[in-house]
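Working notes, structure below.
Hydrogens, waters and symmetry mates play no part in the numbers below; they use all other heavy atoms, side chains included. Note that this is a predicted model, so its numbers are computed, not measured.
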Amino acid sequence: MRPTTLTKFLIERQRDGKIDADLRLLIETCARACKAISIQVNKGALIGTGDLLGTDNVQNEAQKRLDVLSNEILIEANEWGGSLAAVASEEMEAPLPIPLPHPRGQYLLLIDPLDGSSNIDVNISVGTIFSVLRCPEGVTEADEQAFLQPGHRQVAAGFALYGPSTLLLITVGDGTHGFMLDPYVGSFVQTQRDIRIPEDTSEFAINASNMRRWEAPIKRYIDECLAGKDGVRGRDFNMRWVASMVADVYRVLSRGGIFMYPRDAKNTEGRLRLMYEANPMAFIVEQAGGAATDGRQRLLEVQPQRLHQRIGVVLGSKNEVERVTRYHAA
Ligand code: F6P
């Protein structure tokens with residue numbers, strides 16, 4: 001049987017009425033941009049992808065060449081297609097309404113063009129995250145306000161993982177599906193259908209160097225995992241931390257696990273960005289049967305107050321996420 005390409009997958013969904021032609025084009029365009037970014041990632045030091053440009057993004061993080069290049073690739077790929085009203089990015093302070101003379105469409109795109117950028121210099125997997133919302137009715141010049149919609153309003157979300165292979169994980173609200181880039185043909189080919197995250201796990205991912213700043217419920221959960229067989233959990237746990245959310249979440253999608261970047265005494269709101277990191281990942285994880293909260297509340301129900309807002313993230317295997325959320329309520 002012929003493999004299902006991303007194009008075929010999307011056309012089937014369009015025929016079933018799950019997505020319209022504009023959304024199909026938008027997802028395909030993001031996928032095409034991810035292919036272009038993956039080529040730049042592979043060039044690495046040959047083109048100085050990790051070089052500091054001497055500029056900071058809106059969250060005062062030093063921008064590397066690959067951060068800026070990835071942002072440009074995604075914007076240039078998307079601005080003329082006619083599906084979008086505006087784009088918002090981790091690398092841009094304010095949303096960019098689609099400039100004339102390009103036609104404007106009905107969707108809003110949020111991007112983290114290069115996730116895990118501290119890993120660029122060390123040849124470890126990085127990625128791109130995107131989230132799609134509808135532009136509110138009657139809005140012709142989409143500003144920050146137009147984007148401030150809770151995550152359950154997303155109509156699509158995805159991420160690319162630039163690892164030993166380039167992968168694309170997407171959801172349009174009917175499950176989470178995985179594609180691998182065939183670099184010889186240049187197409188994304190479906191390799192995972194309707195991914196299911198196991199409900200239980202014995203693997204956790206957290207940056208343990210923040211331990212002294214954690215709130216009590218997170219400390220309790222991790223202490224219990226670390227106590228292993230000798231503690232209340234009665235079994236040993238394993239720990240993994242890549243420090244690229246895309247890679248850590250892909251591992252959770254592949255074999256289960258819990259991923260946490262909770263708020264703490266230093267990052268009092270949390271570390272990860274709600275609208276273009278936490279929300280798309282929460283949508284993807286929930287569509288794979290997992291759960292995603294900020295420790296207290298379902299992430300997809302959080303009403304954003306600001307485009308670049310940060311939030312605590314606890315996501316992955318359902319029973320473990322529910323346990324952490326219970327500990328917060330206790
Ligand atoms: O926001 C970006 C990010 O690079 C995530 O991809 C990752 O999970 C996290 O930051 C890593 O944080 P730390 O450097 O504290 O391990």
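- Using a 4.5 Å cut-off on side-chain heavy atoms (C-beta onward), V321 and V324 make no contact.
- Taken to the nearest 0.5 Å, the NZ atom of K43 stands 11.0 Å off from the CG atom of L66.
- Taking the centre and axis of the six-membered ring of F237, the NZ or CZ atom of R233 falls outside the cone set by 45° and 6.0 Å.
- Using a distance-only test at 3.5 Å, with no hydrogens or angles considered, no donor-acceptor pair links the side chain of E286 to the main chain of A282.
- Hydrophobic clustering (side-chain heavy atoms under 4.5 Å, transitive across Ile, Leu, Val, Met, Phe, Trp, Tyr) groups L84 together with V155.
- Classification of D194 and R196 as a salt-bridged pair holds, one side-chain N sitting under 4.0 Å from a carboxylate O.
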query: Stepwise, does the side chain to side chain contact (heavy atoms under 4.5 Å, CB included) test hold for M92 with N71?
result: CA-CA 9 Å; M92 305 188 307; N71 194 53; 3.7 Å; yes

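- With hydrogens and angles disregarded, no donor-acceptor distance shorter than 3.5 Å links the side chain of R273 to the backbone of H308.
- Side-chain atoms of Q190 and P3, non-hydrogen and from C-beta on, never get closer than 4.5 Å to each other.
- Remark: L108 CG to F147 CZ distance equals 4.5 Å, nearest 0.5 Å.
- Checking side-chain atoms of Q287 against main-chain N and O of G175 turns up a donor-acceptor pair under 3.5 Å.
- Atom CG in L109 sits 12.5 Å away from atom SG in C135 (nearest 0.5 Å).
- Side-chain atoms of H102 never come within 3.5 Å of backbone atoms of N78 as a donor-acceptor pair (strictly under, hydrogens ignored).
- Annotation for P280 and I129: closest pair CG-CG2, 3.5 Å, computed over non-hydrogen atoms.
- Between E269 and R306, some side-chain heavy-atom pair lies under the 4.5 Å cut-off.
- Summarising the geometry, atom OG1 belonging to T166 is positioned 14.5 Å from atom CZ belonging to F179; distances are rounded to the nearest 0.5 Å.
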message: What verdict does the side chain to side chain donor-acceptor pair (under 3.5 Å) test give for T7 and E28, after you've listed the backbone C-alpha separation in whole Å, the side-chain angles of each residue and the deciding distance to 0.1 Å?
response: CA-CA 7 Å; T7 303; E28 285 216 72; 2.9 Å; yes

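- Two residues are said to be in side-chain contact when any heavy atoms from C-beta on lie closer than 4.5 Å; Q149 and P304 fail this criterion.
- Side chain of D115 to backbone of V246: a donor-acceptor contact under 3.5 angstrom is found.
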task: Check step by step if side chain to side chain contact (heavy atoms under 4.5 Å, CB included) holds for V87 and I111.
output: CA-CA 8 Å; V87 190; I111 49 176; 4.1 Å; yes

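- Here R263 pairs with E215 in a salt bridge; the nearest charged N to carboxylate O distance falls below 4.0 Å.
- Clustering ILVMFWY residues whenever any of their side-chain heavy atoms sit less than 4.5 angstrom apart, transitively, puts L272 in the very cluster that holds V252.
- Enclosure of atom NZ in K18 by more than 12 non-hydrogen atoms of other residues, nucleotides or ligands within 6.0 angstrom is indicated.
- Using modelled atom types, one side-chain atom of D20 and one backbone atom of D22 make a donor-acceptor pair closer than 3.5 Å.
- Using a distance-only test at 3.5 Å, with no hydrogens or angles considered, a donor-acceptor pair links the side chain of S244 to the main chain of S125.
- Under the 4.5 Å side-chain criterion, counting only non-hydrogen atoms from C-beta, R271 is not in contact with M245.
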Stepwise side chain to side chain contact (heavy atoms under 4.5 Å, CB included) test for Y162 and N42: CA-CA 8 Å; Y162 312 119; N42 288 341; over 6 Å; no

task: Test salt bridge (Lys or Arg N to Asp or Glu O under 4.0 Å) on E277 and R310 and set out the steps.
output: CA-CA 9 Å; E277 292 183 310; R310 295 176 190 260; over 6 Å; no

task: Kindly indicate, with the supporting measurements, whether the criterion side chain to side chain contact (heavy atoms under 4.5 Å, CB included) is fulfilled by L253 and F159.
output: CA-CA 12 Å; L253 287 169; F159 70 90; 3.9 Å; yes

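- Looking only at distances, a side-chain donor or acceptor of Q154 sits under 3.5 Å from a matching main-chain atom of G151.
- Under a hydrophobic-cluster definition in which Ile, Leu, Val, Met, Phe, Trp and Tyr are linked whenever side-chain heavy atoms come within less than 4.5 Å, directly or via other members, V302 and L307 are assigned to the same cluster.
- Salt-bridge annotation for D264 and K266: absent, with no side-chain N of the basic residue lying under 4.0 Å from a carboxylate O of the acidic one.
- Between R24 and E12 no salt bridge is recorded (no basic side-chain N to carboxylate O distance below 4.0 Å).
- Of all the heavy atoms in I98 and P103, the pair that sits closest is CG2-O, 3.9 Å.
- Rounded to the nearest 0.5 Å, atoms CD1 (I27) and CZ (R13) are 10.0 Å apart.
- Criterion: ILVMFWY side-chain heavy atoms under 4.5 Å apart, direct or through other members. Under it, W214 and M239 are part of a common hydrophobic cluster.
- Here the two rings, on F259 and F204, have centers that are 6.0 Å apart or farther.
- Heavy-atom minimum distance, A77 versus A33: CB-CB, 4.0 Å.
- With no hydrogens or angles considered, no side-chain donor-acceptor pair links S317 and E199 at under 3.5 Å.
- Side-chain atoms of L114 and I37, non-hydrogen and from C-beta on, do get closer than 4.5 Å to each other.
- A donor-acceptor distance shorter than 3.5 angstrom exists from the side chain of T176 to the backbone of I284, with no hydrogens or angles considered.
- Atoms CD and CE, from E320 and M260 in turn, are 8.5 Å apart once rounded to the nearest 0.5 Å.
- Follow the hydrophobic side-chain contacts under 4.5 Å out from M281 and you never reach L74; the two are in separate clusters.
- The closest side-chain heavy-atom distance from E72 to I75 is not below 4.5 Å.
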- prompt: When you look at Y261 and N267, which way does the side chain to side chain donor-acceptor pair (under 3.5 Å) test go after all the steps?
  reply: CA-CA 10 Å; Y261 213 126; N267 300 296; 4.5 Å; no

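- Between the side chains of E322 and Y327, no donor-acceptor pair of N or O atoms lies under 3.5 Å.
- A salt bridge is absent between E301 and R153: the closest approach of a Lys/Arg side-chain nitrogen to an acidic carboxylate oxygen does not fall below 4.0 angstrom.
- Checking S202 against R235 by side-chain atom types alone, a donor-acceptor pair falls below 3.5 Å.
- Looking at D56, D51, D121 one by one, the single match for salt bridge (Lys or Arg N to Asp or Glu O under 4.0 Å) with K64 turns out to be D121.
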task: Step by step, work out the side chain to side chain donor-acceptor pair (under 3.5 Å) result for Q63 and E91.
output: CA-CA 8 Å; Q63 288 179 309; E91 301 303 329; 2.8 Å; yes

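- Judged by distance alone, with hydrogens and angles left aside, the side-chain atoms of D112 form no donor-acceptor pair with the main-chain N or O of S89 at under 3.5 Å.
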- prompt: Can D182 and S187 be said to form a side chain to side chain donor-acceptor pair (under 3.5 Å), step by step?
  reply: CA-CA 6 Å; D182 178 340; S187 305; over 6 Å; no

- prompt: Could you walk me through whether R251 and D248 pass the salt bridge (Lys or Arg N to Asp or Glu O under 4.0 Å) check?
  reply: CA-CA 5 Å; R251 189 185 55 253; D248 282 312; 3.0 Å; yes

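- Residues R220 and D223 have side chains not in contact (no heavy-atom distance under 4.5 Å, counting atoms from C-beta outward).
- A centroid separation of 6.0 Å or more is found between the aromatic rings of H152 and F283.
- In N238, the CG atom is crowded: over 12 heavy atoms of neighbouring residues, nucleotides or ligands sit closer than 6.0 Å.
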